[in-house]
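In what follows, a single structure is set out as structure tokens and then discussed.
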Amino acid sequence: MKRFFSFLIFFGIFYSNCEGYSNVNLRVATVSNPPFVIINDKATNGQRFSGLAIDLFNAILNEAGSNNTAEFYIPNDGKIGTKDSNGNWNGIIGELTRNNANVGVATIRVNSERNSAVSFSPSFSSVGLQVMVSKAGSGNNYLGFFQPFTKALWGWLLATVILIAFFTWLLDKLSPFGWRRHTKRRRRYNLPIALIASFKTISNQEGRSPKAWSAQILLIMYFFFAMVILATYTANLTANLSSRKASYSPIGGTEDLRKNKYPFGVLVDDYAHKFFNSTKITSYSQMQPFMRTYNNLDDAFAALKSGEVKAFIHDSTILSYYVNQVPCNTLLVGDVFQTSYYGFAFPTGGDQTILLETNNALLNIQQNGISDTLYDKWYSALGTCTINDQIPQIDVSDVAGLWFGLALFLAIGIIVLILEWGIFKGKGCFGVLNKFCGGG
């Protein structure tokens, strides 16, 4: 899923003459929602609060001026904020409306209802809803054993086996010390036998070898070629079989959930919960009867793992973080829908200096790339699961050096063939070599 930090030029122009603020201590309400806000109650170095949104807001304080500090705390109910029937807000939004906090820093989705109660900064991250499912095996793949190599490489291997059979047979046939000098039929080394021997070698089996040294020299390199190819194939096949079981789901998105009437989970009073309860879009309203609610992410993930629900629908930015964490047994499917954005929240009314200066500082750090660096820190760098479970196939270019080696040894074999004829025709010292090489 693409995420981006939006650039609202309007705010930059409007507040370009702001001078910032310094020596300010802000009381900041927040709630846990990795990777934006991570709360470590066991921290001993004072770093109880961390995460993308925390780092981003601290960068804003530094950009706005010097000696600015933030005092982070969690509202008693630990919620972002919903409004009850009497019009009263809880959570972070409630803290801001009662002026208990100067800023709300969390995954606060901007909507018209919240915007009427508090003021928002420009977007610091886009967000939408997306479907999380458990990974499943990828089904039967009867030709999966071809997966380690590309089609081109398989073609080169087949051609190589045939050509090696031809050249070893030819060298042995042309050599004066080849099997052709033996009259017993069972000892003959003909082209079919050479072809069978070549296939046996590439499959790590023993086959009949040529008698001539010129042909045997070519086989030396071919044995090394076969050893490397077999080891590469075995390693890549093992990796592919291991990854296949964790890269597939029969559910492709909300449409599959609707058609099959699969139960799915949402967090109670979360945006997804409210959306499915109130939407007028038929394709989504038909899913509402199969919705299950959970109090927190841990309960929802447990229900997904146990099969109590087939999917979990939540903020795409949050889910994209969790699918990249151990045990790597979930994935996101389908398109992101109902998109909006996260913003920092501020109390309405009164002195708006902090809001205006924060907006200007946020724009500056987005433009100078600090926000992108923080995004990489909390998403890319901390991920432990591969984004793409597919193991790359081995191509011809990856093992091209082996064919250069075969060509070299073929050339050496031809030179040896010439020497063999010189030895065969020679006398004296060459006569001794003649007997050594298999001559009469």
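Taking CD of Glu95 as the start and CD1 of Ile74 as the end, the distance is 11.5 Å to the nearest 0.5 Å. Once rounded to the nearest 0.5 Å, the distance linking OG1 of Thr150 with CH2 of Trp156 reads 11.5 Å. Atom OH of Tyr342 and atom OG of Ser126 lie 9.5 Å apart (nearest 0.5 Å). The OG atom of Ser119 sits 9.0 Å away from the CG atom of Asn359 when rounded to the nearest 0.5 Å. Of the inter-residue distances, the one linking Gln286 atom CD with Arg258 atom CZ reads 5.0 Å to the nearest 0.5 angstrom. Rounding to the nearest 0.5 Å places CG of Asn68 at 11.0 Å from CD of Glu63.
Using a 4.5 Å cut-off on side-chain heavy atoms (C-beta onward), Phe124 and Ile365 make no contact. At a threshold of 4.5 Å between non-hydrogen side-chain atoms, the residues Leu374 and Ile370 count as touching. In this structure, Asn102 and Asn25 have side chains that are not in contact, with every pair of non-hydrogen atoms separated by 4.5 Å or more. Counting heavy atoms from C-beta on, the side chains of Phe346 and Phe344 come closer than 4.5 Å. Side-chain contact between Ile108 and Val118: absent, with no pair of heavy atoms (C-beta onward) separated by less than 4.5 Å. Annotation: side chain of Tyr294 is in contact with side chain of Glu308 (closest heavy-atom distance under 4.5 Å). Contact annotation: the side chain of Thr358 approaches that of Tyr21 to within less than 4.5 Å [non-hydrogen atoms, C-beta and beyond].
Annotation: side chain to side chain contact (heavy atoms under 4.5 Å, CB included) contacts of Val323 (sequence neighbours excluded): Met132, Thr330, Leu332. Every residue two or more places apart in sequence or in another chain that forms a side chain to side chain contact (heavy atoms under 4.5 Å, CB included) with Asp298 is listed here: Asn296. Every salt bridge (charged side-chain N to carboxylate O under 4.0 Å, His left out) that Asp55 has, sequence neighbours left out, goes to Lys377. The side chain to side chain contact (heavy atoms under 4.5 Å, CB included) test applied to Ser214 returns Leu171, Ser175, Ala212, Val416, Leu417, Glu420, not counting sequence neighbours. Considering only residues two or more places apart in sequence or on other chains, Lys310 meets the salt bridge (charged side-chain N to carboxylate O under 4.0 Å, His left out) condition with none of them. Applying the salt bridge (charged side-chain N to carboxylate O under 4.0 Å, His left out) rule to Arg292 yields no partners; only residues at least two apart in sequence or on another chain are considered. In this structure, the ring pair (Phe, Tyr, Trp, His ring centres under 6.0 Å) partners of Tyr284, at least two apart in sequence or on a different chain, are Phe275, Phe337. Ala272 is linked by a side chain to side chain contact (heavy atoms under 4.5 Å, CB included) to Leu129, Val266, Asp270, Ile313, counting only residues two or more places apart in sequence or in another chain. Not a single ring pair (Phe, Tyr, Trp, His ring centres under 6.0 Å) links Phe290 to another residue, sequence neighbours left out.
Between Trp169 and Phe166, the ring planes are tilted. Angles from 30° to 60° get that label.
Evaluation of the side-chain hydrogen bond (donor to acceptor under 3.5 Å, both in side chains) test over residues 78-87, restricted to residues two or more places apart or in two chains, returns Thr82-Asn90.
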Sequence neighbours excluded and cut-off under 3.5 Å, please list the side-chain donor-acceptor pairs for residues 396-414, or say none.
from: Asp398; atom 1: OD2; to: Asp395; atom 2: N; distance (Å): 2.8
from: Trp403; atom 1: NE1; to: Thr160; atom 2: OG1; distance (Å): 2.5

Would you tabulate the side-chain donor-acceptor contacts of residues 29-37 under 3.5 Å, counting partners in other chains and residues two or more places apart, or write 'none'?
from: Thr30; atom 1: OG1; to: Val105; atom 2: O; distance (Å): 2.6
from: Asn33; atom 1: ND2; to: Thr107; atom 2: OG1; distance (Å): 2.9

- Task: For the pair Lys274 and Asp269, evaluate salt bridge (Lys or Arg N to Asp or Glu O under 4.0 Å) and give the outcome as yes or no after the intermediate values.
- Result: CA-CA 6 Å; Lys274 295 179 179 180; Asp269 290 333; 5.9 Å; no
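By the 6.0 Å contact criterion, NZ on Lys261 is open, its count of non-hydrogen atoms from other residues, nucleotides or ligands being 12 or less. Counting heavy atoms of neighbouring residues, nucleotides and ligands inside a 6.0 Å radius, atom CG of Asn23 exceeds 12 of them.
Shown here for Asn58 and Ala70, the closest heavy-atom pair between the two residues is OD1-CB, 4.5 Å.
Between His314 and Phe312, the distance separating the two ring centers is shorter than 6.0 angstrom.
A cation-pi arrangement is absent between Arg114 and Phe120, since the terminal nitrogen or guanidinium carbon is not both under 6.0 Å from the aromatic centre and inside a 45° cone about the axis.
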